[in-house]
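Below, chains carry the letters A, B, ... as their sequence lines are ordered, and counting in each starts from 1.
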Protein chains: 2
Amino acid sequence: MSLQYDEIVRGGLARQVADLIRTAILEGRLAVDERLPTEEELARRFAISRPTVREALKVLAAQNLIRSRRGPAGGTFVNRPDADGAARSITDTATLLVGMGRFDIDEIVTARMQTEALCCRLAAQNRSDADLAAMAAEIALQRDEALSDEDFCASDVRFHRAVVQATGNGPLQLMMHAMIESFIPITNMLIYRDHERRRTVAAHERIRAAIAARDAETAAQLMRDHVEGMRALLDQALARRNADKPRGGTP
Amino acid sequence: MSLQYDEIVRGGLARQVADLIRTAILEGRLAVDERLPTEEELARRFAISRPTVREALKVLAAQNLIRSRRGPAGGTFVNRPDADGAARSITDTATLLVGMGRFDIDEIVTARMQTEALCCRLAAQNRSDADLAAMAAEIALQRDEALSDEDFCASDVRFHRAVVQATGNGPLQLMMHAMIESFIPITNMLIYRDHERRRTVAAHERIRAAIAARDAETAAQLMRDHVEGMRALLDQALARRNADKPRGGTP
DNA sequence: AAACATAAAAGGTCTGACAAATACAACAAT
DNA sequence: ATTGTTGTATTTGTCAGACCTTTTATGTTT
């Protein structure tokens, strides 16, 4: 006859309260930028202590759902979910997985090759002049032979992001930025020699030209070839690394 | 002359400590499943109070970096980053953005259409017999006319997930699961009538057959058509909804 | 050997207080 | 009259110490 009122609550008080508030936010019962009651008031309403309220709020703050400020006009406010913050959060998660070696290099390269080719197709359809200019700017930068390896890699990332940006598709940008950024720690293992730099820049320029000409299939094929070339470089780099440290995992 | 020693530390003590521990985990200085000192011990080492330590740990727990257990053999442990947890985290973030109406329905449909077509191609190349069986199982379920709308939608999601699964590509699965799941609240607005259900199931079956036959291009084209059909249904549903509530946003 | 009771360890919570930041009002000086 | 200063109230941030709850190890009893 017991309706199992126990065991339907999972976790401690802090977690329960955090879940309650999170649900309220997600269901729109708490509007964006709305101010929550003070911590003391929350403690009284939930009949728990203030430290427990604070633990709950810290959890929500860690998930970018709320923010807190001190002072008379301070308090706790509901955050507006913004694409940038979400992208950062997703990128962090993906970077962690990649960094811990939960994915094969090979499948990452495949995923990037295919998805970026797709972005090329959409970019060829939807690119604006500003998008083309952004790509051209990075290409110009990459032609500077005095550029450090770090800066070259950074510019490479920005070029690929510019291609994604040119698709004009928000959800796609969200996912692709995470995919590209999470790959950085791995591409940073590469050392681009002059020869490879020239090849890379030439590939970028061909891709930009195809996108400018709205030639979707050529752009996609060029991107596939470009990333496939990176796979070869990565294999060499990994081979060198394994030669140095024969039994090295991915520490 | 002041070297600006202030203002280089952002946030309170709890945040600083959380950042320290997070960095230690991400850099591998704390191994997976390693046990951290007790909260009391941490408080002593950082020269802060236990409540503050707990706030820091709550933040890390919210990010799935650590877990805590009570008891003599309990304590705080470093979590192994798993794909499932990451997928859930990414899905939550994406769902929030979609739910708050930060994306157009149209661009979401486009993104899904293109990326799922891509998955179809890869699935046709890499699918195992188990993958095909999973798709067939959902199709069989969807043929049951007694299925509730809820269950039909759930099975629809599982079918699309099965296609993604068949690509065998981890990073792609991670991104696509988020894309598919975040779309659920929107597809749930649809009410499938018998006619539309039969069309949907027929499309699923054609896609499965093409993947089984390893016919990548046909499978991709079928998926594009299938999702494009959903766009039409969604437009109708949105039109109906706007007719009911002429000035309704996306609450 | 198995079942049960006991104690210790660790996270979870509570209470009450003080510290620090900040908006706003009142006031003083130019 | 405008500007700078000071005070004050409010709210989050931190602290200290205590007690509660859960979990496990240990030892006792049958």
Side-chain angles (χ1 to χ4, degrees), chain A residues 4-22 24-25 30-79, chain B residues 4-22 24-25 30 33-79:
Chain A
Q4 299 177 349
Y5 277 122
D6 47 344
E7 284 304 309
I8 56 178
V9 234
R10 293 183 51 87
L13 291 178
R15 163 145 183 198
Q16 293 175 46
V17 170
D19 286 346
L20 278 176
I21 300 178
R22 183 188 3 262
I25 293 175
L30 289 170
V32 164
D33 288 335
E34 181 171 339
R35 176 182 164 167
L36 304 164
T38 67
E39 297 179 348
E40 229 169 327
E41 177 66 20
L42 284 174
R44 209 170 328 125
R45 292 206 201 167
F46 287 117
I48 61 180
S49 68
R50 195 157 84 91
T52 304
V53 168
R54 285 185 56 76
E55 288 184 10
L57 294 181
K58 275 284 173 189
V59 169
L60 299 177
Q63 296 167 341
N64 279 314
L65 287 169
I66 59 171
R67 62 184 181 279
S68 292
R69 273 201 329 262
R70 285 202 270 209
T76 306
F77 301 85
V78 178
N79 268 342
Chain B
Q4 299 176 348
Y5 276 124
D6 45 344
E7 285 304 309
I8 54 177
V9 222
R10 296 184 49 88
L13 292 177
R15 165 150 183 195
Q16 293 175 44
V17 169
D19 287 346
L20 277 177
I21 300 178
R22 186 193 354 266
I25 293 176
L30 289 171
D33 288 335
E34 180 171 340
R35 175 183 165 168
L36 291 96
T38 68
E39 297 179 349
E40 231 169 323
E41 176 67 18
L42 284 174
R44 209 169 332 124
R45 292 207 202 166
F46 288 116
I48 59 179
S49 69
R50 203 173 139 225
T52 304
V53 167
R54 285 184 57 76
E55 288 185 10
L57 294 181
K58 275 283 173 190
V59 169
L60 299 177
Q63 296 168 342
N64 281 313
L65 287 169
I66 59 171
R67 63 185 181 279
S68 292
R69 275 202 328 265
R70 287 204 269 210
T76 306
F77 301 86
V78 178
N79 267 343

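Between B/Arg69 and C/dG11 there is no side-chain polar atom (N or O) within less than 4.0 angstrom of OP1 or OP2.
Whole-Å rounding puts the A/Gln16 CD to C/dG12 C1' distance at 12 Å. Remark: P of C/dA9 and CZ of B/Arg70 are 17 Å apart, rounded to the nearest angstrom. One can place CZ of B/Phe77 at 10 Å from P of C/dA10, the figure rounded to the nearest angstrom. Remark: P of D/dT11 and CD1 of A/Ile66 are 16 Å apart, rounded to the nearest angstrom. We find that CD of A/Glu55 is positioned 13 Å from P of D/dG13, with the value rounded to whole Å. Separating the CZ atom of A/Arg54 from the P atom of C/dC14 is a distance of 15 Å, rounded to the nearest angstrom. Rounded to a whole Å, the NZ atom of B/Lys58 is 17 Å from the P atom of D/dT14. Across the protein-nucleic acid pair, B/Arg67 atom CZ and C/dA10 atom C1' stand 15 Å apart, rounded to whole Å.
If you find the closest nucleotide of DNA chain C to A/Gly74 and to A/Leu13, the one lying nearer the 5' end belongs to A/Leu13. Positionally, the nearest nucleotide of DNA chain C for A/Arg15 lies more toward the 5' end than for the other of A/Arg15 and A/Gly71.
A heavy atom closer than 4.0 Å to some atom of DNA chain D occurs in A/Thr38, A/Glu39, A/Arg50, these being the qualifying members of residues 38-53 of chain A.
Within the model, atoms OG1 of B/Thr76 and CG of B/Leu30 stand 11.5 Å from one another, a figure rounded to the nearest 0.5 Å. Separation of atoms CG (B/Leu36) and CD1 (B/Ile25) is listed at 6.5 Å; rounding is to 0.5 Å. One distance of note links CZ of A/Phe46 with CD of A/Gln16; it measures 10.5 Å at 0.5 Å rounding. Atom CD1 of B/Ile48 and atom CD of B/Glu55 lie 9.5 Å apart (nearest 0.5 Å). Within the model, atoms CG of A/Leu42 and OG1 of A/Thr52 stand 12.0 Å from one another, a figure rounded to the nearest 0.5 Å.
Taking all atoms of both residues into account, the shortest heavy-atom contact from A/Leu65 to A/Arg22 is CD1-CG, 3.6 Å.
Checking C/dT13, C/dA21, C/dG12 against the side-chain heavy atoms of B/Ser68 singles out C/dG12 as nearest. Nearest to the side-chain atoms of A/Pro72 among the listed nucleotides D/dA9, D/dT14, D/dT11 stands D/dA9.
A distance-only check finds a donor-acceptor pair linking the side chain of A/Arg67 to the backbone of A/Val78 [under 3.5 Å]. Counting only distance, with no hydrogens or angles, the side chain of B/Glu41 and the backbone of B/Thr38 share no donor-acceptor pair below 3.5 Å.
Under the 4.5 Å side-chain criterion, counting only non-hydrogen atoms from C-beta, A/Leu57 is in contact with A/Ile66.
Fit an axis to the five pairs at each end of the helix from C/dA1-D/dT30 to C/dT30-D/dA1 and the two axes sit 0° apart, to the nearest 10 degrees.
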